Structure formats: structure tokens, C-alpha cells
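Below is one structure, written out as C-alpha cells; the observations come after it.
As the structure is a computational prediction, the values presented were derived from the model and not from experiment. In the text below, chain A, chain B and the rest are named by the order of the sequence lines, each starting its count at 1.
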Number of protein chains: 2
Amino acid sequence: MGLKQSTSKAAAKPREAAAPSGSQTLLRGLDVLEAAAGGVIGLADLAERLELTRSTAHRLASVLVERRYLAFAPREGYTLGPKLLELGFSARQQMNIIRIAAPHLEALSVATEDTVHLGVQEGALALYLDKIPGRRRVEIGSRVGERQPLTTTGLGKALILDESEERWHELFMADLGARATENAFRIWLKRMRAYARDGHAFDLEENEDRIRCVSAPIREAGGRIAASISVSSAAQYMSDSRMEQLAKEVKATTAAISRELGWRGDPPRA
Amino acid sequence: MGLKQSTSKAAAKPREAAAPSGSQTLLRGLDVLEAAAGGVIGLADLAERLELTRSTAHRLASVLVERRYLAFAPREGYTLGPKLLELGFSARQQMNIIRIAAPHLEALSVATEDTVHLGVQEGALALYLDKIPGRRRVEIGSRVGERQPLTTTGLGKALILDESEERWHELFMADLGARATENAFRIWLKRMRAYARDGHAFDLEENEDRIRCVSAPIREAGGRIAASISVSSAAQYMSDSRMEQLAKEVKATTAAISRELGWRGDPPRA
DNA sequence: TGCAGAATTTCATATTATGGGATATAATTT
DNA sequence: AAATTATATCCCATAATATGAAATTCTGCA
């Protein structure tokens with residue numbers, strides 16, 4: 001089969017370090033798919049960006065077109081195809097938190113006019129499951145399917161509200177990396193204690209500049225935090241007093257969703 | 001590489017006839033993905049359904065898990081992963097008709113309490129791009145990303161309203177296949193002429209039993225039909241008089257969307 | 001009409017996917 | 001607790017399949 005890639009196995013790829021063994025063809029096919037997620041891309045660019053020959057890129061892309069994962073416009077390039085609409089839809093269906101939460105998120109977005117997110121914890125990160133854009137002309141730089149740190153986002157903080165302070169420390173250090181000082185942690189910890197007490201969290205331009213948000217956890221039957229939601233907007237729309245007001249609305253929404261998930265009880269679990 | 005599949009190339013697969021040449025690994029990977037779209041599936045079932053060995057199924061699935069296309073719960077099985085949420089979202093973004101139409105479809109669904117669909121023509125079929133479920137307890141058996149015949153669905157008929165009668169004949173015969181008689185066509189044609197005149201179409205339990213729907217075309221800048229929408233419900237909610245009333249609402253909605261697509265003009269193009 | 005860039009096909013080569021089986025891990029029963 | 005099952009993961013020789021250079025066919029544009 002290939003001739004070139006044998007050398008570039010261990011080090012060359014700036015991707016995740018893993019995967020020395022695997023299915024090259026499948027991996028490359030997925031690379032092609034993801035390259036097209038960024039927008040229309042021609043065969044030449046595709047081949048270059050992925051360091052494939054034109055033949056290989058063409059062959060992989062053709063298979064994906066045949067299976068409707070990509071769409072191809074002759075002198076234009078490749079775009080994501082309808083199969084991904086279908087699978088995306090199915091993926092949503094399979095996560096019933098999304099289904100249950102969706103109408104509540106909609107309502108909250110309409111009421112606040114701001115962008116609403118839904119997320120869950122995946123490993124040591126917050127995974128964005130849904131996003132309802134607000135009416136305001138503010139672009140929130142988040143994408144469904146993406147992951148963000150737990151300790152520096154509103155969504156993330158709400159997800160770890162029940163964790164121990166030791167765990168908080170671990171996560172904080174892991175997220176901040178070299179930039180983490182013990183002093184920074186103490187300040188953060190003080191805020192987190194208040195958030196945990198109040199059952200909601202804020203994000204004050206920590207993760208994204210000029211963006212503030214208000215978040216709260218969703219609890220499932222046993223009281224465990226299963227997900228969280230947040231309302232985000234530009235700092236100019238997010239005065240301290242409005243954030244306090246929003247906290248109530250967000251908590252009313254998470255309470256309604258939690259109830260649908262079978263949780264009956266008061267914020268702090270006994 | 002493989003040993004078994006060499007014989008089963010031409011005939012064995014009841015899939016689409018094509019693809020004698022291709023990237024087996026990629027194709028199989030996509031098969032795995034689609035098998036998981038049906039719901040949780042264990043490794044054993046997966047291997048059996050796709051006629052793969054456990055090793056191969058495991059290897060492919062592991063790659064898909066690593067890339068987050070699948071999620072794996074140890075004693076449970078594989079489900080669609082968050083990457084598909086992301087790509088599904090991106091695919092929607094790339095089709096700007098979906099973006100533009102979405103709020104209008106929402107509003108129509110709320111107003112009518114019924115299921116609203118958006119679709120475009122893809123080849124000789126209608127492709128479902130979006131679906132907003134209604135409030136009523138009626139399950140409409142359609143899935144986003146799926147394709148249905150043009151001549152027997154409301155969505156489809158609205159898409160071909162501008163076609164010639166010759167083309168209608170071709171499509172009708174192709175869709176109905178062996179069941180198509182010239183007499184059946186004459187009856188259908190008579191209705192289609194009325195639909196084309198009125199700028200909307202009905203579907204009277206032709207495609208799905210006990211489901212009726214009202215549809216209308218969306219036109220882009222040049223007047224060409226770019227998409228269509230439909231309102232569907234159980235026949236019991238769809239009296240003839242209500243359908244006439246709905247036709248007005250649906251057309252008001254398509255007019256609004258068409259205007260956003262840059263089309264200024266009256267229903268029949270000059 | 002002819003050109004240039006893009007799309008597609010061909011084909012010999014050996015790299016990489018394959019699958020049988022062996023091994024490890026975890027649930028379930030005796 | 002030990003035995004039993006079912007499931008998950010790993011290993012490796014084999015050759016089938018993916019590969020890429022180049023040739024060929026398209027297609028839009030000047």
C-alpha cells in the first residue's frame with residue numbers, strides 16, 4: 001500500500017499522540033470528512049492539507065460522496081453531505097438529555113435573548129451538547145461537540161459543583177497548566193465555595209474575553225449532576241445585577257429539567 | 001489483508017449494486033457507524049450484522065471511538081459519539097437554507113401544532129433536511145437525511161411543481177415502478193395541474209397511510225424552486241377545509257423564506 | 001478553437017488490513 | 001469463593017488491498 005507514511009508514524013503528526021496501530025484508511029477518511037467540516041474544500045487543497053496524494057484524496061473523498069457523507073460540486077469542492085445531518089440527528093436522539101432539555105433551552109433563550117448552552121462532563125472536560133443562539137448580535141465562540149476546560153467555563157464549573165476541594169485543586173491545576181499558581185487557586189476556590197453554596201456559577205471573562213455567563217447544574221434521579229446549562233452574552237449586557245437575576249431564571253430552568261429526569265429533592269443532596 | 005470477503009464482492013451484499021472498487025476499510029468503518037445509528041449495539045452483534053470477524057469489528061470500532069464518532073460503554077455497547085453532533089451541526093451550518101428556514105418552520109409548527117418538514121430535491125428524490133415535531137401525539141415516520149419519492153409525497157410534489165408534464169410522467173413512472181398504470185397517472189396529473197396552478201400541493205395518504213400533508217415550494221433569487229416545506233398530521237386532524245386553510249399559512253411561510261433568499265415576485269414566474 | 005486546471009482512471013508494488021486464535025478482564029452462577 | 005461464562009483486547013504471519021506516480025479524460029474559459 002502506502003510508501004511515504006511509514007516514516008511519519010511516531011512523531012510527524014501533530015495530532016493526539018496515540019494511535020500507532022490502527023486503520024489508516026479509515027483514519028484518513030475521517031480526516032477528509034473533518035477537513036470538509038471547515039467549509040468547501042477542493043481536491044487540491046484537501047490533498048495538500050492532509051499530506052495525501054491527489055489519487056488517495058480523490059479515492060477517499062469519492063467513497064464518502066458515494067455514501068453521502070460528503071457532497072461534491074464539480075468546480076467548487078467538497079462539503080458535508082446529508083448523511084451527517086441524519087447521523088447528527090440520530091446522535092441527538094440517542095442522548096435523551098438533549099431531547100428533554102431542548103424545549104426548556106429554547107424558552108430560556110427566548111426569555112433572555114442570549115445564547116444558551118447545554119453540556120455534560122466527558123473525562124476531565126466539559127462537552128457542549130447543544131447551543132441555542134441568542135437574538136443579540138454576539139457570536140459566542142463555541143461549537144456543539146467541542147470540549148472546554150471544566151474550571152474556566154461557566155458550564156464546566158456547574159458540572160463540578162459537587163466535587164471535593166481536592167478534586168477541584170487537581171482539575172484547576174490540570175486546566176491552567178503552567179499558568180496556575182497557588183494564589184490564583186485560592187481566589188478561584190473562594191468563588192467556587194460560594195457557587196457551590198448557591199447552586200449556580202458565573203463565568204467572568206475567564207474563558208473567553210468579553211463574554212460572561214451564568215450557569216447551573218441539572219441533576220438526575222439520584223441527585224448526581226448529569227449536565228449543566230449556561231446563558232452567555234457580551235459583558236456589556238451582563239451587569240452584576242442582571243447576572244444575579246439570571247441565576248434565578250437559569251435555576252428555574254434546570255429545576256424543571258431535573259424534575260423531568262426524575263429528581264425530586266432540594267439542591268444540596270442529603 | 002482479508003481472506004473471506006474476496007468472494008462476496010459482486011453479489012453477496014444486498015446493498016447498492018455499485019462500488020466494486022473502493023476503500024474497503026473506510027466503507028466498513030462507515031458501516032459500523034451506521035450500525036450504531038440504530039441504537040446501542042454490542043461488539044458481537046456488530047460483527048455478526050456486518051459479517052466481520054470480531055477482531056476487525058473491534059479494530060474499526062476502536063478507531064471510531066478514539067475519534068469520538070462512537071461512544072463505548074463497557075458492558076453495554078456502542079452508540080453514536082459527540083463528533084457526530086459536531087459534524088451534524090456543521091452540516092446544517094453549511095446548508096444555509098436550513099439556517100434561514102429554521103425560525104419560520106418553528107413558528108409554523110407552533111401555530112399549527114403539527115409536524116413541519118423542510119426538503120430539497122436530490123437527484124430524483126426529495127431529501128429531508130429538517131423536521132420540527134408537532135405537539136400532537138402523532139409520529140411521522142420520516143428522518144432527517146432520508147430520501148423519499150418526489151411524486152408521492154407532499155414535499156416532493158411541491159419541489160416539481162414547475163416541471164413539464166413530460167418530466168412528471170417520467171418521474172411518476174419511475175417512482176411507482178410496476179404499480180404505475182396510465183390511468184393512475186391521469187388521475188394524478190389532474191391533481192398536479194391544480195397544485196401547480198395554486199402554488200401548493202397536498203398529500204392524501206399516498207405515501208404514508210393515515211398521514212395527510214400540505215406543502216408549498218420555496219423559491220430562490222431567480223424564481224427557481226430551491227426547497228419546499230410541508231405540514232403533516234394524522235388524517236383525523238386534516239379535514240379538507242383545514243387543509244385549504246393550512247395552504248394559506250404554508251404559503252405565507254414559504255413566501256417569507258423565499259423573500260429572505262432574495263426572491264421578489266408573484267407565485268407564478270413571468 | 002485551443003488551452004489550462006481539474007477530475008478521473010490505470011496499474012505494478014509492498015505496506016497495511018486482515019482474521020484466527022490466544023489472552024486478559026469482568027460479570028454471573030454454582 | 002471458585003468455577004463458569006461472556007466480553008474485551010492483543011498478537012502476528014499472510015496476502016489482499018490501499019497506495020501514488022503518471023497518464024488520460026473532462027470542462028470551463030479566453
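- Inter-residue side-chain proximity for B:Leu127 and A:Leu85 is flagged as unmet; no heavy-atom pair is nearer than 4.5 Å.
- With rounding to the nearest 0.5 Å, the separation of CZ in A:Arg167 from CG in A:Leu171 is 4.0 Å.
- As rounded to whole Å, 16 Å separates atom P of D:dA8 from atom CG of B:Leu60.
- In this structure, A:Ser215 contributes its side chain and A:Ser230 its backbone to no donor-acceptor pair below 3.5 Å.
- Atom CD of B:Glu122 sits in a crowded spot, with more than 12 heavy atoms from other residues, nucleotides or ligands closer than 6.0 Å.
- For A:Asp175 and A:Thr152, the side-chain atoms include no donor-acceptor pair closer than 3.5 Å.
- Phosphate contact (OP1/OP2 of D:dT17, side-chain N/O of A:Gln24, threshold under 4.0 Å): absent.
- The CD atom of B:Glu51 sits 15 Å away from the P atom of C:dT18 (whole-angstrom rounding).
- Between the CZ atom of B:Arg59 and the P atom of D:dT9 there is a distance of 14 Å, rounded to whole Å.
- Note on the helix from C:dT1-D:dA30 to C:dT30-D:dA1: terminal axis deviation equals 50°, with five pairs used at each end and the result rounded to 10°.
- Taking all atoms of both residues into account, the shortest heavy-atom contact from A:Thr151 to A:Ile160 is CG2-CD1, 4.2 Å.
- In this structure, CG of B:Leu26 is placed 21 Å from P of D:dA16, rounded to the nearest angstrom.
- For B:Gln93, the CD atom sits in a packed shell: over 12 heavy atoms of surrounding residues, nucleotides or ligands are nearer than 6.0 Å.
- Across all their heavy atoms, B:Ser23 and A:Arg59 have their closest contact at OG-CG, 3.8 Å.
- Residue B:Leu46 contributes atom CG, which lies 17 Å from atom C1' of D:dA6 at whole-angstrom precision.
- Atom C1' of nucleotide C:dT18 and atom CG of B:Leu50 are separated by 15 Å, given to the nearest angstrom.
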Once base and sugar-phosphate atoms are separated, protein heavy atoms under 4.0 Å mark nucleotides 3-8 of chain C, 5' to 3', with B, S and - as --BSSB
